[in-house]
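Naming: A, B, ... by sequence-line order, numbering from 1 per chain.
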Protein chains: 2
Amino acid sequence: MTGQRADARRNYARILAVAEREVAAHGADASLERIARIAGVGSATVRRHFPGRRALLEAVFGERIAALGARAAELAEAADARAALLEWLAALTSYAASARGMADALVQDGLTDPEQVEDCSAKLATAVEPLVRRAAAAGALAADVTAADLLTLVTGIALATEHHPDPAAEARRLLDLVVAGVSPAR
Amino acid sequence: MTGQRADARRNYARILAVAEREVAAHGADASLERIARIAGVGSATVRRHFPGRRALLEAVFGERIAALGARAAELAEAADARAALLEWLAALTSYAASARGMADALVQDGLTDPEQVEDCSAKLATAVEPLVRRAAAAGALAADVTAADLLTLVTGIALATEHHPDPAAEARRLLDLVVAGVSPAR
DNA sequence: TACGATACGGAGGGCCCCACCACTTAGCAA
DNA sequence: TTGCTAAGTGGTGGGGCCCTCCGTATCGTA
């Protein structure tokens, strides 16, 4: 990062700022060309800084992912392990459902090789992992439920509710269903 | 349908056959142009028969959706209301997870106006509706769970598992989780 | 057989992604 | 301050896709 030239850093920042707006407006398949146009740079410059759409999405959502990671770290010390996990899941759901394109970003990088540490879903998985373990240890979670399972479920909910009139509300509703279990027998 | 010219019907059938293969191979965003090329017709002909990608997907998945509807009708008379519903959900999940593009087709037509009877998800919703009602009446389902909720969940699962190594297995696993509820307390 | 309606498909415009390449400029060293 | 050089830039062209228009071929019928 520091090794970059000043203009490169400036362009990076500008492109990223525009990309955030565009992705918010048009979802994961925002036009890279359009982003370049708005940012006032050539399209080649965009793809130099972000080779491929994935890279751009990861950059766009990077901060928020980091914030979710921090939240997880906080919650790892909460008294109630189950409540902590559920709160984090709710936070993730809320964000994934409202931030257009994030769910796509998550689902797309499922393929990437495990080396890819920049991977969004890998970061999130690492973040929840402790919460999941603690909840499982406390007997508040079925033993065979993994962090990846939970992320996949939340991602799926976000994807499926994306076209609803009020995605966030609907996603929240479904998350509650999933958590409570469909069956009323408890 | 009968009012169509013979060549029109022939082309329709050819296009649909090619479309099935292409969608299976490339998912919901298969190239319409490519389909036209393979079918040996002009691209305009494809969009004459199927105005928009949605229409084509609905045609592609129409038969299968009908089959699921029939299965629902059978299960509506099963002895165990809860088991019947779960079995149908499993069937839907299995198909949605293995048939590339179907989940997209379902999620996309959430927007369409209620008039649109050709709507895939509407058809499925109508099909499960009785199963859901019966299960709810038997106390085997939380009262506020709707047919649409269940469809959305299954769709989400299918979407989120699409890029996994074994989508069908993973989807099935997640469906079980959802059904059982994440929490072990029962 | 001849005619009218119906269906066809090619051409062209717009947008997009991607790769290449000649030019500019920032930053360093003399 | 002045040059030098590598890093960075953006324009351009190729390929694809989606979509619309419109002249033409074909079907079904009188």
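Across the interface with DNA chain C, nearest-nucleotide mapping of B:Val41 and A:Gly52 shows B:Val41 to be the residue nearer the 5′ end. When each of B:Asp7 and B:Asp29 is assigned the nucleotide of DNA chain D with its nearest heavy atom, B:Asp29 is the one assigned upstream, toward the 5' end. Between B:Ser31 and B:Arg10, the one whose closest nucleotide on DNA chain D sits nearer the 5' end is B:Ser31.
Of the candidates A:Val179, A:Leu75, A:Leu150, A:Asp80, A:Leu85 forms a side-chain contact (heavy atoms from CB on, under 4.5 Å) with just one, namely A:Leu150.
If you measure from atom CZ of B:Phe50 to atom P of C:dA7, you get 14 Å, rounded to the nearest angstrom. Atom pair B:Arg54:CZ and D:dC18:C1' shows a separation of 17 Å (rounding to whole Å applied). In this structure, CZ of A:Arg47 is placed 18 Å from P of D:dT12, rounded to the nearest angstrom. Atom CG of B:Leu56 and atom C1' of D:dC19 are 15 Å apart (whole Å). Distance B:Leu32 CG to D:dT20 C1': 15 Å, rounded to the nearest Å. The nearest whole Å value for the distance from the OH atom in B:Tyr12 to the P atom in C:dA7 is 14 Å. Taking atom CD1 on A:Ile38 and atom P on C:dC16, their separation rounds to 10 Å, with Å as the unit. Atoms CZ (A:Arg14) and P (D:dT9) sit 11 Å apart, rounded to a whole Å.
Checking C:dG9, C:dC16, C:dA19 against every side-chain atom of A:Glu33, the shortest atom distance belongs to C:dC16. When the nucleotides C:dG27, D:dG8, C:dC8 are ranked by their closest atom to the side chain of A:Ala6, C:dG27 comes out on top. Taking only side-chain atoms of B:Ala8, from C-beta outward, the nucleotide of D:dC19, C:dC8, C:dC17 with the closest atom is C:dC8.
A:Ala44 comes within 4.0 angstrom of a nucleotide base, judged by non-hydrogen atoms across all strands. Residue A:Arg53 is in sugar-phosphate contact alone, with no base atom involved, counting any heavy-atom pair closer than 4.0 Å across all strands shown. Among the heavy atoms of the strands lying under 4.0 Å from A:Arg48 is at least one base atom, whether or not backbone atoms are also near.
For A:Asn11 and D:dT9, the shortest distance from a side-chain N or O to OP1 or OP2 is below 4.0 Å. In this structure, B:His49 reaches the C:dC8 phosphate: one of its side-chain N or O atoms is under 4.0 Å from OP1 or OP2. The phosphate of D:dC27 has neither OP1 nor OP2 within less than 4.0 Å of any side-chain N or O from B:Arg9.
For B:Trp88 (side chain) and B:Ala76 (main-chain N/O), no donor-acceptor pair under 3.5 Å exists by modelled atom type.
For B:Arg133 and B:Glu129, the salt-bridge test passes: some basic side-chain N is under 4.0 Å from an acidic carboxylate O.
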Exercise for review: For the pair A:Val107 and B:Leu159, evaluate side chain to side chain contact (heavy atoms under 4.5 Å, CB included) and give the outcome as yes or no after the intermediate values.
Suggested key: CA-CA 8 Å; A:Val107 79; B:Leu159 284 175; over 6 Å; no
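In A:Glu63, the CD atom is not crowded: 12 or fewer heavy atoms of neighbouring residues, nucleotides or ligands sit closer than 6.0 Å.
Under the 4.5 Å side-chain criterion, counting only non-hydrogen atoms from C-beta, B:Met102 is not in contact with B:Leu57.
Checked by distance alone, A:Arg5 brings a side-chain donor or acceptor within 3.5 Å of a matching partner on the base of C:dT25.
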